[in-house]
Amino acid sequence: MYALVDGNNFYVSCERVFRPSLQNAPLVVLSNNDGCAISRSNEAKALGIAMGAPWFKIKELEETHGLVSLSANFALYGDLSDRMMSLVAGLGHRQEIYSIDESFVDVSGIRGDITQRAFKIRARVLQWVGIPCCVGIGATKTLAKLANHIAKTAERKPGVYPDCYAQVCHLSACTVEEKRVLLQATNVSAVWGVGRRISAQLRAGGIDTVLDLMHMDLTLARTRWSVVLERTVRELQGTPCIDLEDVTPNKKEIACTRSFGEPIVALSHLQQAVTEFASLTAEKMRRQHSCALQVLCFIRTSPFRVKDAQYSRSVVIPLMRATDDTRAIVQAALAGLSHIYQAGFKYAKAGVMLLDLQPAHWHQHELQWMDSMLIDSSTDAIKKQPLMLAMDQLNRRYGRGTLQIASAGEQAATKPWAMKQGRRTPDYTTSWDALPLARA
DNA sequence: TCTGGGGTCCTAGGACCC
DNA sequence: TCTGGGGTCCTAGGACCC
């Protein structure tokens, strides 16, 4: 049996921890570049603001309805997430941190009233971290997700479900009839793994509610759709098909992609941006002790500026051997960039991805090196370590960009491509300079 | 004027092998 | 004149997630 604990409107709730005055305000947190709304308070949702709504389209609500917007502050969210997760872990014996605001907990074999226990954890997270959350409990991860959806909806929209399911919903504790009513009242699109496309197809086939999907023929699910949907149906029926991943597997690819604050034209600026992105991916990769065999670089114009000439290309650069060295990664990314760059376009976005990752201790030597290998078995990769280690430590201690590759260009301020973040709150919990001030 | 970022998994089809 | 069967690996694209 699993519980899914999910912070409500997570980013918005994080901001409210240090700005209690925003408690009842319609509030949104914006994506990078202050582009679109990626987290909305209940009050903002009530104004009809959709997930991902572009800021310029909802900006008028600032004047008319007192809408407040803030730039995303991921350092703050990450830190509050850590605090929340460590409290939530107390719910059971094994925990999977599924995303910044969600975690699954294995609650099988836990004695006592699991619903009461969930309410207690919820209260503790609210009091100690300041984040409201909801808990869903079910026999499988898909059912726990569904229960969580019910708990959240019951809290936010009275009348859709009985009040008793608000905040904590324990599906396995329901009677068959209670469960039937809940599943029948829930749209199939609320199911984990059923997105826009598949729910449209399901509805066209007369499958509208979660109850319908649960009773769907397994063979049909597999042949007409895929094993993924079949698995979902089985999970809804109570057969666990998706295990708890309590050890986080290493990433198989690592990316850093950004939209620019303003369109850029010059190759030199793209080179600076790509250098920075490549350096960030390499640093992330070293953190999980992997090496990459391929580097992908892409650049593109903005598909939203329909009047501009459009251009979008990517290229994959294979590396001679797997590496985690920033210099090699940057070099490859820049080589790729010069290969795909075309003058005359207004570029809106670029990115670097590291592909084909493997553990850092694997070494594949190319054939022509065999001789030297026999003589000297110490490898290049090992010799390089101290420099990258020092670079990571300096950047961690004194801030990102303290030590960087020269092609990243001059420091900060003048970067024309830097992203816009007009309303960022301080790093209240992760930076000494940003500690909130308490007045007597 | 202004539209995010970072991932995973599955499938179909082609290339290739014996 | 007649031309099989079975399998793997890779890639691009689709769908989904938060």
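In what follows, chains carry the letters A, B, and so on, assigned in the order in which the sequence lines appear, proteins first and then strands, with residues in each chain numbered from 1.
Every pair tested for salt bridge (charged side-chain N to carboxylate O under 4.0 Å, His left out) that includes a residue from residues 330-343 of chain A fails, sequence neighbours excluded, so the list is empty. For the salt bridge (charged side-chain N to carboxylate O under 4.0 Å, His left out) condition, the pairs that include at least one residue of residues 196-223 of chain A, sequence neighbours left out, are A:Arg222-A:Glu230. Applying the salt bridge (charged side-chain N to carboxylate O under 4.0 Å, His left out) definition to pairs two or more places apart or across chains, those involving residues 28-51 of chain A are A:Arg16-A:Glu43.
Side chain of A:Asn73 to backbone of A:Pro426: a donor-acceptor contact under 3.5 angstrom is found. Under a 3.5 Å cut-off, the side chain of A:Gln95 and the backbone N or O of A:Val88 do not form any donor-acceptor pair.
As a whole-Å value, the separation of A:Met51 CE from B:dT3 P is 18 Å. For A:Phe277 and B:dG4, the CZ to P distance is 14 Å, given to the nearest whole Å. At whole-Å resolution of the value, CG in A:Leu202 and C1' in C:dC16 are 14 Å apart. The nearest whole Å value for the distance from the CE atom in A:Met85 to the C1' atom in C:dC18 is 11 Å. For the pair A:Phe104 CZ and C:dC17 P, the interatomic distance rounds to 12 Å; values are reported in whole Å. Atom pair A:Leu355:CG and C:dC10:C1' shows a separation of 14 Å (rounding to whole Å applied). Atom CG of A:Asp34 and atom C1' of B:dG4 are 11 Å apart (whole Å). For A:Asn33 and B:dT3, the CG to C1' distance is 10 Å, given to the nearest whole Å.
A:Asn32 comes within 4.0 angstrom of sugar-phosphate atoms only, judged by non-hydrogen atoms across all strands, and of no base.
Across residues 187-201 of chain A, A:Val191, A:Trp192, A:Gly193, A:Val194, A:Gly195, A:Arg196, A:Arg197, A:Ile198 each have a non-hydrogen atom less than 4.0 Å from an atom of DNA chain C (numbered order). Within residues 134-151 of chain A, the residues that have a heavy atom under 4.0 Å from DNA chain C are, in order of number, A:Lys145.
Between B:dC17 and C:dG4, the two C1' atoms lie 14 Å apart (nearest whole Å).
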Listing, residues 54-66 of chain A side-chain donor-acceptor contacts under 3.5 Å, not counting sequence neighbours, or none:
from: A:Glu62; atom 1: OE2; to: A:Arg423; atom 2: NH1; distance (Å): 3.2
from: A:Glu62; atom 1: OE2; to: A:Arg423; atom 2: NH2; distance (Å): 3.4
from: A:Thr64; atom 1: OG1; to: A:Glu60; atom 2: O; distance (Å): 3.2

Can I get a per-line list of side-chain donor-acceptor pairs under 3.5 Å for residues 251-268 of chain A, giving both atom names and the distance, sequence neighbours left out?
none

Under-3.5 Å N/O pairs linking protein and nucleotides 6-9 of chain B:
from: B:dG6; atom 1: OP1; to: A:Arg258; atom 2: NH1; distance (Å): 3.0
from: B:dG6; atom 1: OP2; to: A:Thr257; atom 2: N; distance (Å): 2.4
from: B:dG6; atom 1: OP2; to: A:Thr257; atom 2: O; distance (Å): 3.0
from: B:dG6; atom 1: OP2; to: A:Thr257; atom 2: OG1; distance (Å): 2.6
from: B:dG7; atom 1: OP2; to: A:Ala255; atom 2: N; distance (Å): 2.6
from: B:dT8; atom 1: OP1; to: A:Lys252; atom 2: N; distance (Å): 3.0
from: B:dC9; atom 1: OP2; to: A:Lys252; atom 2: NZ; distance (Å): 2.8

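Considering only residues two or more places apart in sequence or on other chains, A:Ala166 meets the side chain to side chain contact (heavy atoms under 4.5 Å, CB included) condition with A:Ala154, A:Glu155. Scanning for side-chain hydrogen bond (donor to acceptor under 3.5 Å, both in side chains) contacts around A:Ser338 gives an empty result, with sequence neighbours left out. Partners of A:Gln288 under the side-chain hydrogen bond (donor to acceptor under 3.5 Å, both in side chains) rule, at least two apart in sequence or in another chain, are A:Ser290.
Taking the six-membered ring where the residue is Trp, the centroids of A:Trp192 and A:Tyr2 are separated by 6.0 Å or more.
A:Lys346 NZ: 12 or fewer foreign heavy atoms inside a 6.0 Å radius.
Among B:dC10, C:dC18, B:dT3, the nucleotide with an atom closest to any side-chain atom of A:Asp101 is C:dC18. Closest contact between the side chain of A:Lys349 and the listed nucleotides C:dC17, B:dG5, B:dG4 involves B:dG5. Listed nucleotides: B:dT3, B:dC10, C:dC17. Nearest to the side chain of A:Tyr98: C:dC17.
Looking at which nucleotide of DNA chain B each of A:Arg222 and A:Ser31 is closest to, the 5′-most match is held by A:Ser31.
At B:dG5, one or more side-chain N or O atoms of A:Ser259 fall inside 4.0 Å of OP1 or OP2 (strictly under the cut-off).
A salt bridge links A:Glu96 and A:Lys141; the closest N-O separation between the charged side-chain nitrogens and carboxylate oxygens is under 4.0 Å. Ion pairing between a basic and an acidic side chain is recognised when a charged N comes within 4.0 Å of a carboxylate O; A:Glu235 and A:Arg231 show no such pairing.
Ring pair A:Tyr428/A:Phe18 is parallel by interplanar angle, where below 30° counts as parallel and above 60° as perpendicular.
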Seminar exercise, completed: Its dot-bracket string being built from Watson-Crick and G-U pairs below 3.5 Å, with | for another strand and [ ] for crossing, DNA chain B has the pattern ....||||||||||||||
